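So you know, we letter chains A, B, ... as the sequences are listed, proteins then strands, and number each from 1. Below, all heavy atoms of this structure are taken into account, side chains as well, without hydrogens, waters or symmetry copies. This one's a predicted model, so the numbers in the text were calculated from it and none came from an experiment.
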There are 2 protein chains.
Amino acid sequence: MTEDDDLAALCAGAGRSLAEAERPVLDQHGLSMWQYVVLSALSAGAVPSQLVLAQQIRYDKTRLIALLDTLEAAGLVAREPDPADRRARVVRLTSEGSRRHAAVRDAIREVEERKLAGLSPETRRQLRSALAHLANSD
Amino acid sequence: MTEDDDLAALCAGAGRSLAEAERPVLDQHGLSMWQYVVLSALSAGAVPSQLVLAQQIRYDKTRLIALLDTLEAAGLVAREPDPADRRARVVRLTSEGSRRHAAVRDAIREVEERKLAGLSPETRRQLRSALAHLANSD
DNA sequence: TATTGTTATACTCTATAACTATA
DNA sequence: TATAGTTATAGAGTATAACAATA
């Protein structure tokens, strides 16, 4: 993995390296990567439907169902029918889900901090900015 | 996908965005992403064994076999037993494989160029450097 | 008629173990 | 006995189509 590789290969390598470093943390908290992604998305606020949530995290809506089933059974999220459109189900974090997400997020930030060691604050800021630019330039 | 997301999520988002943009190019040239990764690795020179190649690109050695079968049938790579250790097979690009890789690489660089539009040369350099740092900090 | 949530099914990708031939 | 390549198989992950309830 050197700097003259394709950018996609570099992103994949960095992403895989980060995911490997974060896996033990997630295991320790009994969450899969996708479950954590769902909690993170919901930590910004409740979502009006499962379909919206699926699109937001770029996950298949049919696979999201089993994921939410598990999280609901664990008491971390709640699904309630939308009074305005009874087809849709509002999804939100429970208070326990909120606590759990905050704990995992903090632990993951520590891991990222270790991986970023050696990069200046300015470099880190530019890295995040550039990655966000790439992710949104469709 | 915003800048305060987890770094792993940002990498994944950028990587997915790049992969989606490159897919049409690879399709057009009749190559899968992993086939292209193999050609790229071999473009730096022949590799002494399939096992070494698998480790180099972080791909499962058992899955690599079918991949090489296809590439060999297409005339893009060649496998020859190593005279020094007849268990091992040296893998190298054919001249056609070399041509094909160069063509795809150029097309992919054009795509990346489009995705990177708006980022200064210095920012691009720092991005590659930071990603390489993350990928190699184990 | 279209949409949300859901289930079932098939398909792909990936990991594991076992076999062969060489060392 | 250990290793490179290979094959087969089982498991996880993913995509597609179809159905019930509601709009």
Side-chain angles (χ1 to χ4, degrees), chain A residues 8-9 12-13 15-17 19-20 22-24 26-27 30-38 41-42 46-73 76-92, chain B residues 8-9 12-13 15-17 19-20 22-24 26-27 30-38 41-42 46-73 76-92:
Chain A
R16 175 174 44 207
S17 181
E20 278 172 11
E22 291 175 7
R23 175 142 354 175
L26 291 168
D27 286 350
L31 291 178
S32 72
M33 185 70 81
W34 279 116
Q35 287 176 331
Y36 175 65
V37 168
V38 165
L42 296 179
V47 100
S49 76
Q50 299 182 182
L51 190 58
V52 166
L53 176 57
Q55 289 164 344
Q56 204 168 310
I57 66 175
R58 299 219 199 187
Y59 196 66
D60 192 82
K61 69 162 184 167
T62 66
R63 280 183 286 151
L64 180 59
I65 291 160
L67 208 60
L68 290 178
D69 287 346
T70 309
L71 289 172
E72 194 174 33
L76 302 179
V77 309
R79 286 189 277 199
E80 293 148 8
D82 180 352
D85 179 347
R86 302 221 317 268
R87 291 174 305 181
R89 307 179 73 176
V90 177
V91 188
R92 62 170 178 80
Chain B
R16 175 174 43 207
S17 180
E20 278 172 11
E22 292 175 5
R23 177 146 355 193
L26 290 169
D27 286 350
L31 290 177
S32 72
M33 186 70 81
W34 278 115
Q35 287 177 331
Y36 175 66
V37 168
V38 165
L42 295 178
V47 100
S49 76
Q50 300 182 182
L51 191 59
V52 166
L53 176 58
Q55 289 164 344
Q56 203 166 310
I57 66 175
R58 300 219 200 186
Y59 196 64
D60 192 81
K61 68 162 186 167
T62 66
R63 281 182 288 151
L64 181 59
I65 291 159
L67 208 60
L68 290 178
D69 287 346
T70 308
L71 289 172
E72 194 174 33
L76 302 180
V77 310
R79 286 190 277 201
E80 292 148 9
D82 180 351
D85 181 347
R86 302 222 317 270
R87 292 173 304 181
R89 306 178 74 177
V90 177
V91 188
R92 62 170 178 80

**Student:** Are A:Val38 and A:Leu76 close enough that some pair of their side-chain heavy atoms sits under 4.5 Å apart?
**Tutor:**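 Sidechains of A:Leu76 and A:Val38: no contact.
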
**Student:** Mapping A:Ala84 and A:Arg63 to their closest nucleotides on DNA chain D, which lands nearer the 5' end?
**Tutor:**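 Between the two, 5'-proximity favours A:Arg63.
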
**Student:** Nearest whole angstrom, please: distance from the P of D:dG5 to the CD1 of B:Ile65.
**Tutor:**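 One finds 8 Å between P of D:dG5 and CD1 of B:Ile65, rounded.
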
**Student:** CZ of B:Arg89 versus P of D:dA4: gap in Å, rounded?
**Tutor:**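 Atom CZ in B:Arg89 sits about 14 Å away from atom P in D:dA4.
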
**Student:** Could you give the CD-to-P distance, from B:Gln50 to C:dT22, as a whole number of Å?
**Tutor:**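 One finds 15 Å between P of C:dT22 and CD of B:Gln50, rounded.
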
**Student:** Can you check whether any acceptor in the base of D:dT3 is under 3.5 Å from a donor in the side chain of B:Arg87, or vice versa?
**Tutor:**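 A donor-acceptor contact between them is present.
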
**Student:** Let me know the distance between CE of A:Met33 and C1' of D:dG13, rounded to the nearest Å.
**Tutor:**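 After rounding, the gap between these two atoms is 15 Å.
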
**Student:** Any heavy-atom pair between the side chains of A:Leu71 and A:Leu31 that's under 4.5 Å?
**Tutor:**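 The answer is yes; the side chains approach within 4.5 Å.
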
**Student:** Expressed as a whole number of angstroms, how long is the span from B:Arg86:CZ to C:dA23:C1'?
**Tutor:**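 Atom-to-atom, B:Arg86 to C:dA23, this comes out as 11 Å.
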
**Student:** Looking at every non-hydrogen atom in both residues, tell me the closest pair between A:Leu68 and A:Val77 and how far apart they are.
**Tutor:**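 In terms of heavy atoms, the two residues are closest at O-CG2, 4.2 Å.
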
**Student:** Can you tell me the distance, in whole Å, between the CH2 atom of A:Trp34 and the P atom of D:dA12?
**Tutor:**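 In whole Å, D:dA12 P and A:Trp34 CH2 are 19 Å from each other.
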
**Student:** With a cut-off of 6.0 Å (strictly less than), are more than 12 heavy atoms of other residues, nucleotides or ligands near CZ of B:Arg23?
**Tutor:**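 No, not enclosed.
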
**Student:** Counting side-chain heavy atoms from C-beta on, which of C:dA15, C:dG5, D:dT14 comes nearest to B:Asp60?
**Tutor:**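 Closest nucleotide among those given: C:dA15.
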
**Student:** Can you tell which of D:dT6, C:dG5, C:dT6 lies closest to the side chain of A:Arg79?
**Tutor:**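 The answer is C:dT6, which lies nearest to the side chain.
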
**Student:** Determine the contact category for B:Leu51: base if any of its heavy atoms lies under 4.0 Å from a base atom, sugar-phosphate if only primed atoms, P, OP1 or OP2 are that close, otherwise nothing.
**Tutor:**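 Sugar-phosphate: the residue B:Leu51, judged by heavy atoms under 4.0 Å, touches backbone atoms but no base.
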
**Student:** Starting at atom CG of A:Leu67, determine the distance to atom P of C:dG5, rounded to an integer number of angstrom.
**Tutor:**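 Those two atoms, CG and P, are 14 Å apart.
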
**Student:** Determine the minimum heavy-atom distance between B:Arg92 and B:Leu42, stating which atoms define it.
**Tutor:**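 Closest pair (atom of B:Arg92, atom of B:Leu42, distance): C-CD1, 4.2 Å.
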
**Student:** Taking the side chain of B:Ala88 as heavy atoms from C-beta outward, which of D:dG5, D:dA15, C:dA23 is closest to it?
**Tutor:**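 Comparing D:dG5, D:dA15, C:dA23 against the side chain of B:Ala88, the answer is D:dG5.
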
**Student:** Could you give the OH-to-C1' distance, from A:Tyr59 to C:dG5, as a whole number of Å?
**Tutor:**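 That distance rounds to 16 Å.
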
